[in-house]
Amino acid sequence: MRKCTFYFLFISVLLFAPPSFAQNDFQNLKKIAQNKPKSLLSLFENDETPSLKIQEQTFLLSIAYQQLGDYAKADSLINYAFAEYSFEQDSGLYINYLMLLSNQRKIISDFESSLTPLFEAIEYCTKNKDTLNLVSVYIYLSETYRAIDKFDLGLEYLEKAEQLVEHYGEEFPQETRANLYNRKAAILIQQDADFDLISALSFKTIAIASQLGDKNLEASSYNALGFIYINKSPVNPDTIAKQYFLNAIQLWDDIGDDIHATNARLNLSRYYNRHQEYEKGLSTLLPIHEMVDNSDWIWEKGGYYEMLGRLYYGTEDHRLAFLYTDKAKEKRIQLSESQYDKRLALLSIKHNLQQQKKEVQFAKLETKNKEDENSLLYITLISVFTLAIIIFIFLIISLRQKRQLREHQNQLSQVVLQKESLLKEVNHRVNNNLTILSSLLRLQSGSVKSKEAKESLQDSQLRIQSISLIHKSLYQDNNDQLNFNIYLKNLFSSIQGLYRVNTIAVRLNISVKEYEPNLKESVPVGMILNELMTNSFKYAFHSVEEPAIFISATTNSIRYHDNGPGFETNQNSSSLGLKLISIFAIQLDAKVSYQKIDQMTQTTIEWT
């Protein structure tokens, strides 16, 4: 869904446009122009194309040159077509020329100008009651608005297209219907819309694409389904999301679409990385390492190297993690520079084309009036000299801007590294200070004879250790979220070290589903669990043969109980532990409740 790939999404719209203006031969050649442009040029050079109208030949060549990045030739052909050809007998071809012109303008990020041909196409289709082509234009217009983050407008035109399709009935072309569902699902994903609605649209697209044998569209929908099941499903999406990515990879491999298959593999490796299955992630990416290295996919290379860096970091191979993270950074900078270079080149082409038009006009004037030949030549030379100066100045300014951009990027990178280092150092120092304070309390408890005072010091020591464990986890993991499983085990070990229960090992049962406390939640949650565990070790297990503690957590609740006898939960209790639990629950904006279960007491903390 990246914007840099959007410029060529017009291909899918043209591909699914109803064939109301051409025969099957033309439709097949159009697919070749979109997917294998060099093959189409070879067919034209060898004169192996069927009998086509000149308007159709120009259209196919324009698509091919646009796909190959020769925007000057594509622009010249499109402008020539609008100036010289008549489309009175072929409205569908005229509509597709307008969409092609719109895409040509989007290539240089002139989105406002790219809207004009599309509105002209809508007016033309409405006037001629051309429903089939009007739906295709609406879909294409929604993609244009999606590219500039105007999702509401994009969705508005998709809904107009959907109304026309439903009104038209079952006879409406299935290809366009599937493309409509696919694009609507894409824009709803970016709007964080209802999960069930997005998945329903994707399944509709898959069903139609499978029936039509369109593996590209089917793979695209499977890839989107995997994305939404990872990020938006209300239940555990692991198996389903993984299978959808595998389906997408298989389909794109079948049709030889390496770049999209690579993107699907990146999504699958992100899934493995999220679930700490780093070796599986590496086995997904490493088989295509040579292909990616030898490709010219700047964007995909950056994502590929970045993911390899994360996976190797997960396996603790820090040398390779550093190597690929550095390569990813290099590709991101190269991508930024290439985008500016591309735009500058396109602008230079525009200048050159304008200059060529001027020279043609001068040549015509010269043939009409010989006596103005000297003056016309003089003007031409002056114009060329002036243009050369302008281009020279423009190049100097652009080079300076690129240098400033690189310097700014380097500065930003240094600032980010400094802030990350500072945050890590702060957590480290806080942890050290808390450790020192805990040690002082331990020393103090050794010199105190009063059992009650000694227990108070031990309780305070545990509360400090609970906070210290949080900061230690944050600076070691270099993350802004707490690994809840590891934290609970460390906290349990610390408390068990102070309170032995008749030399019998206490069993800890943890069940955590998709919950990792953030910085704001970490300390209150840790302190609540510290109080509950301390209470269990101090009072619950004196007469229990197999002592055990049970903790379960979800995204909005934590439940705790042990297998010892329950305790009194009177709200007016003078217990410091219960008071602290209530105080920390208020910090979480949570509700604390106590429930008797088989003579045990279960503590529940819930928040919204």
Side-chain angles (χ1 to χ4, degrees), residues 2-10 62 65-79 100-117 144-145 147-150 296-303 305-306 326-363 376-418:
R2 301 181 300 275
K3 288 186 179 178
C4 70
T5 59
F6 168 78
Y7 300 141
F8 299 100
L9 282 177
F10 82 102
S62 299
Y65 284 127
Q66 204 173 71
Q67 286 296 96
L68 292 170
D70 195 341
Y71 306 120
K73 288 184 180 179
D75 190 76
S76 179
L77 288 170
I78 294 170
N79 290 329
L100 195 62
L101 175 61
S102 173
N103 188 74
Q104 187 73 3
R105 293 175 179 177
K106 282 199 291 288
I107 289 171
I108 60 172
S109 301
D110 190 1
F111 292 102
E112 293 299 324
S113 177
S114 70
L115 294 172
T116 303
T144 305
Y145 279 123
I148 53 179
D149 296 336
K150 293 185 178 180
D296 57 354
W297 312 333
I298 299 177
W299 182 281
E300 283 71 19
K301 276 187 178 179
Y305 293 143
E306 181 179 359
D326 188 59
K327 292 182 73 173
K329 174 185 174 184
E330 177 185 347
K331 291 302 173 185
R332 295 302 188 199
I333 295 174
Q334 184 181 348
L335 174 65
S336 178
E337 292 177 347
S338 68
Q339 288 175 334
Y340 277 98
D341 291 341
K342 177 181 175 182
R343 189 168 183 183
L344 290 172
L346 289 168
L347 290 173
S348 178
I349 289 171
K350 288 289 185 181
H351 280 295
N352 291 334
L353 289 174
Q354 290 174 357
Q355 180 58 27
Q356 290 173 11
K357 291 177 182 179
K358 288 181 181 180
E359 291 176 353
V360 170
Q361 292 173 354
F362 287 144
L376 185 60
L377 179 60
Y378 176 77
I379 294 172
T380 303
L381 291 173
I382 292 296
S383 299
V384 172
F385 181 71
T386 303
L387 182 61
I389 293 175
I390 293 172
I391 293 174
F392 179 73
I393 295 173
F394 181 77
L395 288 173
I396 291 176
I397 294 173
S398 65
L399 289 172
R400 181 179 300 173
Q401 289 177 340
K402 286 200 294 184
R403 186 176 65 253
Q404 291 175 348
L405 177 62
R406 285 196 295 269
E407 292 175 355
H408 183 62
Q409 288 175 333
N410 291 334
Q411 290 174 359
L412 288 177
S413 298
Q414 291 298 323
V415 169
V416 170
L417 290 174
Q418 290 174 2

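Note that the coordinates shown come from a computational prediction; the quantities given were computed from them, not determined experimentally.
The NZ atom of Lys106 sits 9.5 Å away from the CG atom of Leu101 when rounded to the nearest 0.5 Å. Taken to the nearest 0.5 Å, the NZ atom of Lys402 stands 13.0 Å off from the CD atom of Gln404. Here the CG atom belonging to Asn410 is positioned 10.5 Å from the NE2 atom belonging to His408, to the nearest 0.5 angstrom. Atom OG of residue Ser398 and atom CG of residue Leu405 lie 12.0 Å apart, to the nearest 0.5 angstrom. Separating the CD1 atom in Ile148 from the CG atom in Leu115 is a distance of 6.0 Å, to the nearest 0.5 Å.
For Ser102 (side chain) and Ser114 (main-chain N/O), a donor-acceptor pair under 3.5 Å exists by modelled atom type. Distance alone, capped at 3.5 Å, places no donor-acceptor pair between the Ser76 side chain and the Ala72 backbone. No side-chain donor-acceptor contact under 3.5 Å links Asp75 to the backbone of Tyr71.
Contact of the Arg105 side chain with the Pro117 side chain is registered, since non-hydrogen atoms from C-beta on lie closer than 4.5 Å.
Closest of all the heavy-atom pairs between Gly302 and Ala328 is O-CB, 3.5 Å. The nearest pair of heavy atoms linking Ala74 to Gln66 is CB-N, 4.0 Å.
Among the candidates Ile397, Ile391, Leu395, the single residue satisfying the side chain to side chain contact (heavy atoms under 4.5 Å, CB included) test with Ile393 is Ile397.
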